[in-house]
Amino acid sequence: MAADISRAGVEKAYGRWAPVYDLVFGKVFDAGRQSTIAEADRIGGRILDVGVGTGLSLSDYARTTKICGVDISEPMLRRAIKRVREEKLDNVEVLSVMDAKNLAFPDNFFDAVVAQYVITAVPDPEGTLDEFVRVLKHGGELILVNHIGAEKGLRKLSELAFAPIARRLGWRPEFPWARLVNWAAKHGGVTLTERRPMPPMGHFSLIRYRKS
């Protein structure tokens, strides 16, 4: 098995991605981004956007939705700050460098937590999900969009073969649905409300949990 990803490795990888991230991933991941934003705006209130990156999503939220954005990569976040200033996004309350597993926010603080393409790019996905739920209000929603690894077949073999390269680029491609099922069962304080296939090719999913 390939060595798993580390915080330092992810931080370094996304520092390299920062200048070209919007160009490389902007269109590819647009459907997932827009879908999570629509769900967050439906909830409204105060939203935590984890892995906000260059702030590509920030201008698409409703101006009535209050946004706190965090990211592990300072180069990515500098671009988000520039975007907020240039576009006068006064509904963005906070942009801060922060580890997704150790959020500097109180318990039961946000109406929703949005994490776009994040869970496969953190060293401890289950611990990070626990932290997302901690800062959610009771009845609040955790809204994820992420690649879900194949359970079998050629795609699974391809993901396993690509894994060593993917880790150097900042994520793990072989992330099975069973990990989320097992996490939710162990946590016990969340209910799955939706899993929706997302482009490209349905290999990604929009996933929603409600905090009990």
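The hydrophobic cluster analysis finds Val94 isolated: no Ile, Leu, Val, Met, Phe, Trp or Tyr side chain comes under 4.5 Å of it, directly or through other members.
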Which atom pairs, one a donor and one an acceptor, fall under 3.5 Å between side chains of residues 101-109 and the rest of the protein, sequence neighbours left out?
from: Lys101; atom 1: NZ; to: Asp124; atom 2: OD2; distance (Å): 2.8
from: Asn102; atom 1: ND2; to: Asp99; atom 2: OD2; distance (Å): 3.2
from: Asp107; atom 1: OD1; to: Arg134; atom 2: NH1; distance (Å): 2.6
from: Asn108; atom 1: OD1; to: Lys211; atom 2: NZ; distance (Å): 2.8

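Under the 4.5 Å side-chain heavy-atom criterion for ILVMFWY residues, no single connected hydrophobic cluster contains both Ile72 and Ile81. In the hydrophobic clustering of this structure, Val97 groups with Leu58; members are Ile, Leu, Val, Met, Phe, Trp, Tyr whose side-chain heavy atoms approach within less than 4.5 Å, directly or through other members. Taken together through direct or relayed side-chain contacts under 4.5 Å among Ile, Leu, Val, Met, Phe, Trp and Tyr, Leu95 and Val118 form parts of separate hydrophobic clusters. Under the 4.5 Å side-chain heavy-atom criterion for grouping Ile, Leu, Val, Met, Phe, Trp and Tyr, Leu192 is connected to Phe175 within one hydrophobic cluster. Val92 and Val50 are not part of a single hydrophobic cluster, where members link through side-chain heavy atoms under 4.5 Å apart.
Across Asp111 and Gly44, no two heavy atoms sit closer than the pair CB-O, 3.5 Å. Between Met198 and Ala31, the shortest heavy-atom distance links the atoms SD-O, 3.9 Å. Of all non-hydrogen atoms in Gly55 and Arg83, the two that sit nearest each other are O-CD, 3.1 Å. Of all the heavy atoms in Ala40 and Val114, the pair that sits closest is CB-CG2, 3.8 Å. The minimum heavy-atom distance linking Leu180 with Leu129 is given by the pair CD2-CD1, 3.6 Å. When all heavy atoms are compared, the tightest approach of Ala100 to Glu131 is O-CG, 3.5 Å.
Every pair tested for ring pair (Phe, Tyr, Trp, His ring centres under 6.0 Å) that includes a residue from residues 47-74 fails, sequence neighbours excluded, so the list is empty. Evaluation of the salt bridge (charged side-chain N to carboxylate O under 4.0 Å, His left out) test over residues 49-62, restricted to residues two or more places apart or in two chains, returns none.
Using a distance-only test at 3.5 Å, with no hydrogens or angles considered, a donor-acceptor pair links the side chain of Asn91 to the main chain of Ala62. Judged by distance alone, the side chain of Asn146 and the main-chain N or O of Ile119 form a donor-acceptor pair under 3.5 Å.
Take Arg208 and apply the salt bridge (charged side-chain N to carboxylate O under 4.0 Å, His left out) test, not counting sequence neighbours, and it matches Glu39, Glu141, Glu194. The side-chain hydrogen bond (donor to acceptor under 3.5 Å, both in side chains) search around Asp130 returns Trp183, not counting sequence neighbours. With sequence neighbours excluded, the residues forming a side-chain hydrogen bond (donor to acceptor under 3.5 Å, both in side chains) with Thr65 are Asp41, listed by chain and number. Looking at residues two or more places apart in sequence or on another chain, you find no salt bridge (charged side-chain N to carboxylate O under 4.0 Å, His left out) involving Arg63. Every residue meeting the side-chain contact (heavy atoms from CB on, under 4.5 Å) condition with Arg79, not counting sequence neighbours, appears here in chain and number order: Ala18, Pro19, Thr54. Remark: Ser212 pairs with Thr191 by the side-chain contact (heavy atoms from CB on, under 4.5 Å) rule, at least two apart or across chains. With sequence neighbours left out, Glu93 forms a side-chain contact (heavy atoms from CB on, under 4.5 Å) with Arg46, Lys66, Cys68. Annotation: side-chain contact (heavy atoms from CB on, under 4.5 Å) contacts of Arg195 (sequence neighbours excluded): Ile148, Trp177, Ser205, Ile207.
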Start with the C-alpha distance between Ile47 and Phe110, add both sets of side-chain angles, then the distance that settles side chain to side chain contact (heavy atoms under 4.5 Å, CB included), and finish with yes or no.
CA-CA 6 Å; Ile47 308 298; Phe110 292 100; 5.8 Å; no

Run the side chain to side chain contact (heavy atoms under 4.5 Å, CB included) test on Val190 and Leu142 for me, step by step, so that the C-alpha distance in whole Å, both residues' side-chain angles and the decisive distance to 0.1 Å come before the verdict.
CA-CA 9 Å; Val190 295; Leu142 171 57; 5.9 Å; no

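At least one side-chain heavy atom of Leu89 sits under 4.5 Å from a side-chain heavy atom of Ser59. Within the 4.5 Å cutoff, the side chain of Asn182 has no heavy atoms near those of the Glu126 side chain.
Note: Leu56 CG to Gln116 CD = 8.5 Å, rounded to the nearest 0.5 Å. Between atom OG1 of residue Thr36 and atom CZ of residue Arg196 there is a gap of 9.5 Å, rounded to the nearest 0.5 Å.
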